[in-house]
Engineer: 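Before anything else, here's the structure in question.
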2 protein chains.
Amino acid sequence: MQTDQRIVRAMAELLRVQGYGSTGIQQVARAADAPTGSIYHHFRGGKREIAAAALRTTGAAYIELLPLLLDPHPDLPTGVEAAFAAAAEDMAGTGWANMCPVGTVAGEIADTEPDLRRVAAEIVTSWVDAGSRYLAGRGLPETDARSAIYALLTSLEGGFLLARAQRSTEPLLAAGRAVAAYIATLPVAADA
Amino acid sequence: MQTDQRIVRAMAELLRVQGYGSTGIQQVARAADAPTGSIYHHFRGGKREIAAAALRTTGAAYIELLPLLLDPHPDLPTGVEAAFAAAAEDMAGTGWANMCPVGTVAGEIADTEPDLRRVAAEIVTSWVDAGSRYLAGRGLPETDARSAIYALLTSLEGGFLLARAQRSTEPLLAAGRAVAAYIATLPVAADA
DNA sequence: GTCTATAACCTGATAGAC
DNA sequence: GTCTATCAGGTTATAGAC
């Protein structure tokens, strides 16, 4: 793999686990098997620019999971519940590492790193847009689709947070049941 | 106010805004109007111990808000929706500062600071216990009450996260509607 | 383009005078 | 108990040899 790709990947992994403030450039360099100076050759913007690239690539990758996880299920509620259960299994199986660097980082830098906050906002907006398009395609009215994807995303990020703190699958499983039940109350969705 | 209380309060405020890794002891000292050395006189455990104390005090304060916010409303669903709307208003009015240091910190230290992770887990567990007791007192069956408080907490923490990233009330408002609709599907809850 | 060495500064923590 | 001065090691970022 190319050096700059290794750097971005290492940063994404470290952001996921320990956030932005606690992640050092030298730590990224070690994890990417690159010397310190080489990092600034590839990313003149330094730490911030690497973090922005890491968030963007993982953000783009994650939204593609939504159709992959929900398409196999005949109706949305059971699909959502299964997706949350799969996320819970993944977390338990990987030592409760967070699934999403955007979630780990967003809260911590929202007031102190305006550029990164804007990147996080773009990613979330892209998730909402793509997600509500998908849900509308499965039969939800447009405004309901938008509410539903927000409900799904907030529950998922909050579920990651509590599951990680408690080292338990229960928060994610309960959140999945709740989102599924909510979507089931929306028109047409019950068998969409 | 006593010096040690000022230190804990300053730490809580900084944790809320920028998380654990980015918060320095000297920064806490400045915010608390205390010299660096004085901090280690009051808290021999240093940064970790102060952060633990800050999380515990704010965690205890937050769970007391639940009855205050929900008691005035005749049924749970409208109460929940109003509480999320109030949280959204608060965030918008305070420049999108996070409402909850536990949320900002939990994700970032879960793998790197075992002691603090355990503190966060205790706090979440106390929230779940007190919250499900309250919801059971409002008429929900016990297992439903536990699911419902998890749904509420995950949606709230995730809502804070997305609202902060997007600087928008929409994530919290949508999350509130979803949790309210979910609780309305539970037995007895519709008019509890 | 890759890598070493280092600048300038900040970190958590401590020792010890007041 | 309060505060100053400082330690050893970390930080981001850069300059310049290879």
Side-chain angles (χ1 to χ4, degrees), chain A residues 1-55 101 104-105 108-109 111-117 119, chain B residues 1-56 101 104-105 108-120:
Chain A
M1 208 193 316
Q2 293 286 46
T3 303
D4 53 348
Q5 284 180 18
R6 286 205 317 279
I7 292 170
V8 170
R9 196 170 286 231
M11 175 62 95
E13 181 61 23
L14 286 166
L15 288 182
R16 227 167 57 122
V17 172
Q18 58 182 27
Y20 183 79
S22 308
T23 297
I25 280 287
Q26 311 204 34
Q27 201 181 359
V28 174
R30 275 198 306 273
D33 253 318
T36 318
S38 180
I39 288 206
Y40 288 90
H41 169 72
H42 291 285
F43 300 91
R44 235 176 310 177
K47 184 179 175 180
R48 243 186 303 261
E49 184 184 337
I50 304 170
L55 291 181
T104 313
V105 172
E108 144 193 41
I109 50 80
D111 286 322
T112 51
E113 295 281 346
D115 296 351
L116 285 179
R117 197 225 100 226
V119 172
Chain B
M1 208 193 315
Q2 293 284 45
T3 304
D4 53 347
Q5 283 181 20
R6 284 205 318 277
I7 294 171
V8 170
R9 196 170 284 232
M11 174 63 94
E13 181 61 23
L14 287 166
L15 289 182
R16 228 167 57 123
V17 171
Q18 59 184 25
Y20 183 79
S22 306
T23 297
I25 280 287
Q26 311 204 32
Q27 203 180 359
V28 174
R30 273 197 307 274
D33 255 316
T36 318
S38 179
I39 288 207
Y40 288 90
H41 168 73
H42 291 284
F43 300 92
R44 234 178 312 177
K47 184 177 175 180
R48 244 186 302 262
E49 184 184 337
I50 304 170
L55 291 181
R56 268 193 253 266
T104 313
V105 171
E108 144 194 39
I109 51 81
D111 285 322
T112 50
E113 295 282 346
D115 295 351
L116 284 179
R117 198 225 100 228
R118 223 164 295 138
V119 172

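Within every chain, numbering begins at 1; the chains are lettered A, B, ... in the order of the sequence lines, protein sequences first and strands thereafter. For the numbers below, each heavy atom of this structure counts, side chains included, while hydrogens, waters and symmetry mates do not. Predicted model, so just to flag it, every value in this text is computed and none were measured.
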Engineer: Measure from CZ on B:Arg30 to P on D:dC3 and round the result to the nearest Å.
Structural biologist: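 Those two atoms, CZ and P, are 16 Å apart.
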
Engineer: Can you figure out which of D:dT12, C:dT4, C:dA13 approaches the side chain of A:Ile25 most closely?
Structural biologist: D:dT12

Engineer: Do B:Thr104 and B:Tyr20 make a side-chain contact, defined as non-hydrogen atoms from C-beta onward lying under 4.5 Å apart?
Structural biologist: no

Engineer: Which nucleotide wins on minimum distance to the side chain of B:Thr36, given the candidates C:dC3, D:dA5, D:dA13?
Structural biologist: D:dA5

Engineer: Quick one: B:Arg48 CZ to C:dA13 C1', roughly how many Å, whole number?
Structural biologist: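 Rounded to whole Å, this separation is 12 Å.
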
Engineer: Is any side-chain heavy atom of B:Asp111 closer than 4.5 Å to a side-chain heavy atom of A:Gln18?
Structural biologist: no

Engineer: Within this structure, what is the CD-to-C1' distance between A:Gln2 and C:dT2, rounded to whole angstrom?
Structural biologist: 13 Å

Engineer: On the nucleotide D:dT14, are OP1 or OP2 found under 4.0 Å from the side-chain N or O atoms that A:Tyr40 carries?
Structural biologist: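 Negative; the distance criterion is not met.
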
Engineer: A:Thr23 or A:Ser38: which one's nearest nucleotide on DNA chain D is closer to the 5' end?
Structural biologist: A:Thr23

Engineer: Across the strands shown, which category fits A:Gly37 at heavy-atom distances under 4.0 angstrom: base, sugar-phosphate, nothing?
Structural biologist: base

Engineer: Taking CD from B:Gln27 and P from C:dT11, how many angstroms apart are they, rounded to a whole number?
Structural biologist: 7 Å

Engineer: Taking for each residue the nucleotide of DNA chain C bearing the nearest heavy atom, is the 5' side occupied by A:His41 or by B:Gly45?
Structural biologist: A:His41

Engineer: Which listed nucleotide (C:dG12, D:dT4, C:dT2) is nearest to the side chain of B:Lys47?
Structural biologist: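 Taking heavy atoms from C-beta onward, the closest nucleotide is C:dG12.
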
Engineer: Would you say the side-chain atoms of B:Thr23 pair up with the backbone N or O of B:Gly19, donor to acceptor, closer than 3.5 Å?
Structural biologist: yes

Engineer: Would you say the side-chain atoms of A:Arg6 pair up with the backbone N or O of A:Met1, donor to acceptor, closer than 3.5 Å?
Structural biologist: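 Here the side-chain-to-backbone pair exists.
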
Engineer: Would you mind reading off the distance between A:Asp33 atom CG and C:dT4 atom P, rounded to a whole angstrom?
Structural biologist: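 My rounded result for the distance is 12 Å.
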
Engineer: A:Arg6 has an atom CZ; how far is it from atom C1' of C:dC3, in whole Å?
Structural biologist: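 Nearest whole value for this atom pair: 13 Å.
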
Engineer: Could you check A:Ser22 against B:Thr112 for side-chain contact (heavy atoms from CB on, under 4.5 Å), going step by step and ending with a plain yes or no?
Structural biologist: CA-CA 10 Å; A:Ser22 308; B:Thr112 50; 5.9 Å; no

Engineer: Without decimals, in angstroms, what is the distance between B:Glu113 CD and C:dG12 P?
Structural biologist: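 From B:Glu113 CD to C:dG12 P: 12 Å.
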
Engineer: Can you tell me the distance, in whole Å, between the CZ atom of A:Phe43 and the P atom of D:dT14?
Structural biologist: 15 Å

Engineer: Which residue lies toward the 5' end of DNA chain D, B:Gln26 or A:Arg44, if each is placed at its nearest nucleotide?
Structural biologist: B:Gln26

